[in-house]
Amino acid sequence: MKLSPQTIQAAVDAAHSSSAPNIGGANANYIPYLASVPSELFGVAVMTPDGRLYKAGDTDYAFAIESISKVFTLALVTELIGSEAVRQKVGTTPTGLPFNSVMALELHNGKPLSPLVNAGAIAIVSLVSGVSADACWAKILDMQSRFAGRPIALSDEINQSEQTTNFHNRAIGWLLCSAGTCYSDPMRAVDVYTRQCSTLVTTTDLAVMGATLAGGGVNPVTRLSVVAAANIPHLLSEMTMEGLYTASGDWAYQVGLPGKSGVGGGILAVAPGKLAIAAFSPPLDLVGNSVRGQAAVAYIAKALGLNLFGS
Ligand code: DON
């Protein structure tokens, strides 16, 4: 079915208005900054690979990218070392356990299994070469910017809030180190991982980033190739398996699109070759996924007939 601009905008508007009354969930509070973001903010955006943007609500509000960043660093490392090396060194299988699980590591001899849980994402960061943390960070920030089609910046306030509270992730870094699955100094990897979670994006930025994935790795705004088309299926399959953490299976069953959430309230879903759907609303469910964000994305996926398993 060819989707007209009117059809897409109507779905975005209806997704926003029908999901807005859902006041369930609560802001993440284990990172102090996130607890302070106004809970009522709610934005929804869709972008197609030809660069058309459809939006409703607070799509210009800049929020913490958090775990959604894991996809873009995975893209960088897949480009740098290849998909097979990612599979061997980090793993590419869901853990079935929460995103910051230590038990998942213990159960698999310190192999993270998934690049989209914290342990795997820290291991992925440790695979970004560079003489210093800053050199490694520059590559990751550049990748986020190339996906967004504009310069993305670190929020010093968010980074400070995370760096002073990330003890659990530091413990994960040392566990990786003891198992031989951290490939740089573990505290450097955790430092840079924490920075990658602390950049600011808008819902519109997320839609552009997702449309780059939907469009075979070509950014719809800059028209530059950001990631090889051959690597896109690896990224989208990871998003399908682990993008919404322990809810990923239910998400695939009900919505049928690769997705990725962050505890900042952002969520991104990709309909390959067609479009990307982004949403932002801070209150999260118990798994760590935005309540309104999931509802809005699910609405649009259904309204536009995007379920991958139904095509
Ligand atoms: O490492 C953390 O805990 C956060 N910086 C990011 C976690 C996150 O976004 C998980 N998402 N749902």
Side-chain angles (χ1 to χ4, degrees), residues 25-37 63-74 94-102 104-105 112 114-126 137 140-141 144 154-176 182 186-201 206 209 238-251 258-269 278-294 297:
N27 285 35
N29 61 9
Y30 73 99
I31 298 168
Y33 174 91
L34 299 180
S36 71
V37 178
F63 58 90
I65 189 170
E66 298 299 345
S67 277
I68 304 170
S69 65
K70 291 168 178 165
V71 174
F72 309 112
T73 308
L74 175 60
T95 65
L97 287 163
F99 64 82
N100 58 0
S101 175
V102 167
L105 273 180
S114 165
L116 299 185
V117 296
N118 287 12
I122 293 166
I124 285 288
V125 167
S126 78
W137 167 236
I140 290 174
L141 187 61
Q144 286 191 16
L154 182 76
S155 159
D156 290 329
E157 187 185 1
I158 300 169
N159 189 42
Q160 179 70 11
S161 187
E162 299 218 16
Q163 297 280 5
T164 52
T165 53
N166 65 353
F167 309 113
H168 191 96
N169 285 340
R170 287 191 228 179
I172 289 174
W174 283 119
L175 284 173
L176 292 170
C182 194
M187 292 307 96
R188 169 177 139 174
V190 173
D191 168 18
V192 176
Y193 163 78
T194 305
R195 296 193 222 182
Q196 82 171 28
C197 292
S198 303
T199 59
L200 286 168
V201 290
L206 273 191
M209 295 168 108
E238 286 306 315
M239 290 168 70
T240 305
M241 289 186 283
E242 190 68 79
L244 276 79
Y245 303 109
T246 48
S248 302
D250 271 341
W251 180 259
K260 185 72 204 85
S261 64
V263 291
I267 180 167
L268 174 64
F280 161 64
S281 167
L284 310 178
D285 62 17
L286 293 177
V287 173
N289 299 318
S290 169
V291 172
R292 283 197 200 100
Q294 290 176 91
V297 173

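This one's a predicted model, so the numbers in the text were calculated from it and none came from an experiment. This chain uses plain numbering: 1 for the first residue, then up along the sequence. In each ligand, atom 1 is the first atom listed, and ligand 1 is the first ligand listed.
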Nearest protein heavy atom to [atom], by residue and atom, and its distance?
atom                   : result
atom 6 (C) of ligand 1 : Glu66 OE1, 3.3 Å
atom 1 (O) of ligand 1 : Tyr193 OH, 2.6 Å
atom 7 (C) of ligand 1 : Ser67 OG, 3.0 Å
atom 3 (O) of ligand 1 : Tyr30 OH, 2.6 Å

Below a 4.0 angstrom heavy-atom separation, can you tell me which part of Glu162, side chain or backbone, both or neither, approaches ligand 1?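 The answer is the side chain.
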Under a 4.0 angstrom heavy-atom cut-off, which atoms of ligand 1 come close to [X]?
X      : value
Gly262 : 9 (O), 11 (N), 12 (N)
Phe99  : 3 (O), 7 (C), 10 (C)
Tyr245 : 10 (C), 11 (N), 12 (N)
Gly288 : 12 (N)

Determine, stepwise, if the pair Ile68 / Phe72 fulfils side chain to side chain contact (heavy atoms under 4.5 Å, CB included). CA-CA 8 Å; Ile68 304 170; Phe72 309 112; 3.9 Å; yes
Contact (N/O only, under 3.5 Å) between [X] and ligand 1:
X      : result
Cys197 : no
Lys260 : no
Asn169 : yes
Asn118 : yes

Is a donor from one side chain sitting under 3.5 angstrom from an acceptor on the other, for Asn159 and Gln163?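 Short answer, yes.
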Strictly by modelled atom types, are Tyr33 and Ser198 linked by a side-chain donor-acceptor pair under 3.5 Å?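 There is no such pair between these side chains.
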So, does [X] use its side chain to make a donor-acceptor pair with the main chain of [Y] at under 3.5 Å?
X      : Y      : value
Ser248 : Tyr245 : yes
Ser161 : Glu157 : no
Asn29  : Ala35  : no
Gln294 : Ser290 : yes

Quick one: sort the Phe280 and Phe63 rings into parallel, tilted or perpendicular, breaks at 30° and 60°.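 Phe280 vs Phe63 ring planes: parallel.
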Working note: Asn169 + Tyr193, criterion side chain to side chain contact (heavy atoms under 4.5 Å, CB included); need CA distance, chi angles, decisive distance, verdict. CA-CA 9 Å; Asn169 285 340; Tyr193 163 78; 3.4 Å; yes
